[in-house]
2 protein chains.
Amino acid sequence: MARAALTREEVLQAAAALVKQHGPAALTMRKLAAELGTAVTSIYWHVGNRESLLDALVARTVADLGVVAARGRTPAERIVSVARGLRRDLRERPHLVAMVHERGLTERMFLPVQRSLVHEVHAAGLRGARAADAVRAVQFHVVGFVLVERNRERAPVQSPGEQDLWDAETGEQDPALARSLGGPVDADRLFTRSTRALVAGLLTADAP
Amino acid sequence: MARAALTREEVLQAAAALVKQHGPAALTMRKLAAELGTAVTSIYWHVGNRESLLDALVARTVADLGVVAARGRTPAERIVSVARGLRRDLRERPHLVAMVHERGLTERMFLPVQRSLVHEVHAAGLRGARAADAVRAVQFHVVGFVLVERNRERAPVQSPGEQDLWDAETGEQDPALARSLGGPVDADRLFTRSTRALVAGLLTADAP
DNA sequence: ACCTGAACACCGTTCAAGT
DNA sequence: ACCTGAACACCGTTCAAGT
């Protein structure tokens with residue numbers, strides 16, 4: 001029997017699934033058509049073209065990323081908790097986040113979180129441009145960190161010789177450091193530490 | 001008259017020029033061949049295929065990014081100055097940096113800078129895993145920031161309504177903040193401030 | 001050793017033609 | 001209103017054939 005009538009919604013869902021699994025490069029109109037059991041050209045009727053299909057997926061992702069509850073006693077703790085929640089959400093849809101990002105919609109995606117960050121930054125006593133910078137610094141930090149760590153994850157081989165370089169020079173003075181820098185990154189720890197440091201610095205720094 | 005013999009070097013240079021101007025997507029084997037005035041297939045003899053051509057470009061970029069001189073009196077100042085120099089270098093070759101990054105070679109690219117960061121972090125009294133984390137936090141911060149700001153730059157239209165959202169809520173309490181968050185980002189200022197805050201936090205933070 | 005064109009299997013997209 | 005296949009202009013890559 002023939003398939004049920006194709007809907008835009010159906011196309012979007014199938015496309016989202018493909019992107020989520022194998023990234024945007026894996027989303028070809030022909031594969032998508034095969035997946036849906038229709039002719040390639042039918043898809044065009046529903047979504048226009050590949051680019052606006054991706055746009056629609058991005059819009060959906062932006063809408064999905066909601067508020068992150070702040071936890072902790074001090075403003076600093078609460079900001080860090082929001083940052084961690086945000087990182088968790090972003091890590092769940094790395095491809096889609098990258099696409100949101102490529103389209104310059106990061107700002108928009110962050111509106112709900114911005115709101116709670118503003119609240120905490122105010123509670124810490126910052127105002128005006130200082131407060132705005134603090135909010136944006138945290139935003140940039142989180143998105144930047146996720147982008148960096150995501151790409152690190154699919155790094156190929158650990159390039160050899162790196163260990164040796166460290167062993168030779170600083171190795172004797174500070175073997176623990178050489179070991180750390182030679183080995184893999186503990187992203188969770190690094191994120192927590194760097195976020196805490198950043199927030200502490202932002203909330204206590206002297207006048208601009 | 002016929003063109004001079006094609007060399008691998010020639011291919012790499014033409015490819016680098018294409019990527020630097022219009023990004024990796026603009027580098028097609030056929031366009032490259034046209035640029036060089038040879039048959040497409042000649043390129044394959046010299047560089048294998050598109051992927052290893054990109055790999056070669058990446059290797060070149062990694063080799064090019066050298067040391068950044070540290071300036072300033074305190075370790076914190078000197079670390080910030082290295083971070084700024086690094087950001088400047090990265091911003092000059094955004095496409096290539098993105099490619100280095102996609103290949104998971106960021107670490108390697110950073111070796112020279114890592115060395116001077118370690119020096120400064122030691123001067124500030126950090127040792128072992130704490131020191132290693134500080135170095136990496138700065139690395140992640142710089143690369144992450146450049147990635148984020150790069151993508152912000154090619155953002156399409158400023159999505160409307162953002163202003164209104166801020167005016168409505170926080171606008172009355174803190175109009176300067178609403179104005180800041182509604183307007184464009186001053187990336188230079190934001191980078192300096194957030195880097196200073198991060199470094200200050202890293203160097204003064206209490207035990208792990 | 002180096003270069004070539006023909007050919008293959010993929011793309012996204014358009015369009016006239018169907019129901 | 002919705003779907004279709006044929007066709008177009010693009011890809012990267014392989015390969016047998018040239019010099």
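The figures that follow rest on heavy atoms only: side chains count, while hydrogens, waters and symmetry mates do not. Naming convention: chains lettered A, B, ... in sequence-line order (proteins, then strands); numbering from 1 in each chain. None of these values were measured; they are calculated from a predicted model.
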Ion pair A:Glu77/A:Arg196, N-O distance below 4.0 Å:
no
Give me the distances for all protein-to-nucleotides 5-9 of chain D N/O pairs that come in under 3.5 Å?
unit_1, atom_1, unit_2, atom_2, d
D:dG5, O6, A:Thr41, OG1, 3.0

Of all residues at least two apart in sequence or in a different chain, which pass the salt bridge (Lys or Arg N to Asp or Glu O under 4.0 Å) check with B:Asp186?
none
Report which part of the nucleic acid B:Leu27 touches: base, sugar-phosphate, or nothing (heavy-atom distance under 4.0 Å, all strands).
sugar-phosphate
Hey, which of A:Leu202, A:Val199, A:Thr195, A:Leu198 is the one that makes side chain to side chain contact (heavy atoms under 4.5 Å, CB included) with A:Ile79?
A:Val199
Under 4.0 Å between a side-chain nitrogen and a carboxylate oxygen: does that hold for A:Asp188 and A:Arg87?
yes
Close side-chain approach of B:Val146 to B:Glu149, heavy-atom, < 4.5 Å:
yes
Which whole-number value in Å describes the distance from A:Leu36 CG to D:dC2 C1'?
15 Å
Side-chain donor/acceptor pairs under 3.5 Å, residues 19-34 of chain B, sequence neighbours excluded:
unit_1, atom_1, unit_2, atom_2, d
B:Thr28, OG1, B:Lys31, N, 3.0

Got a sec, which residues hit salt bridge (Lys or Arg N to Asp or Glu O under 4.0 Å) with B:Arg189, two or more places apart in sequence or on another chain?
A:Asp133
Residues within residues 48-57 of chain B bordering DNA chain C, heavy-atom distance below 4.0 Å
none
Could you state the CH2-P distance from A:Trp45 to D:dC2, rounded to the nearest angstrom?
4 Å
Would you indicate, yes or no, if D:dC11 has its OP1 or OP2 atom less than 4.0 angstrom from a side-chain nitrogen or oxygen of B:Thr28?
yes
Of all the base pairs, Watson-Crick or G-U under 3.5 Å, which form stems of three or more consecutive pairs involving DNA chain C?
C:4-8 with D:12-16, C:12-16 with D:4-8
I'd like to check the side chain to side chain donor-acceptor pair (under 3.5 Å) partners of A:Arg78; sequence neighbours left out, ordered by chain and number.
A:Glu120
Output all residues satisfying ring-ring contact (aromatic ring centres under 6.0 Å, His included) with A:Phe191, sequence neighbours left out; order by chain, then residue number.
A:His141, A:Phe145
Hey, can you pull the residues of residues 14-22 of chain B with a non-hydrogen atom under 4.0 angstrom from DNA chain D?
none
All N/O contacts under 3.5 Å from nucleotides 17-19 of chain D to the protein, with atom names and distances to one decimal?
none

Does any donor atom in the side chain of B:Asn49 or B:Ser52 lie under 3.5 Å from an acceptor atom in the other side chain?
yes
Donor-acceptor pairs under 3.5 Å, side chain of residues 56-66 of chain A to any protein atom, not counting sequence neighbours: which ones?
unit_1, atom_1, unit_2, atom_2, d
A:Arg60, NH1, A:Glu9, OE2, 3.2
A:Arg60, NH2, A:Glu9, OE1, 2.9
A:Thr61, OG1, A:Leu57, O, 3.0

Not counting sequence neighbours, which residues clear side chain to side chain donor-acceptor pair (under 3.5 Å) with B:Thr41? List them please.
none
It should be established whether A:Ser42 places a side-chain nitrogen or oxygen under 4.0 Å from OP1 or OP2 of nucleotide D:dT4.
yes
Pair B:Val47, B:Ile43 - check side chain to side chain contact (heavy atoms under 4.5 Å, CB included), show working.
CA-CA 6 Å; B:Val47 298; B:Ile43 298 173; 3.7 Å; yes
If you compare every side-chain N and O of B:His46 against the phosphate oxygens of C:dA1 (OP1, OP2), does one of them come in below 4.0 Å?
no
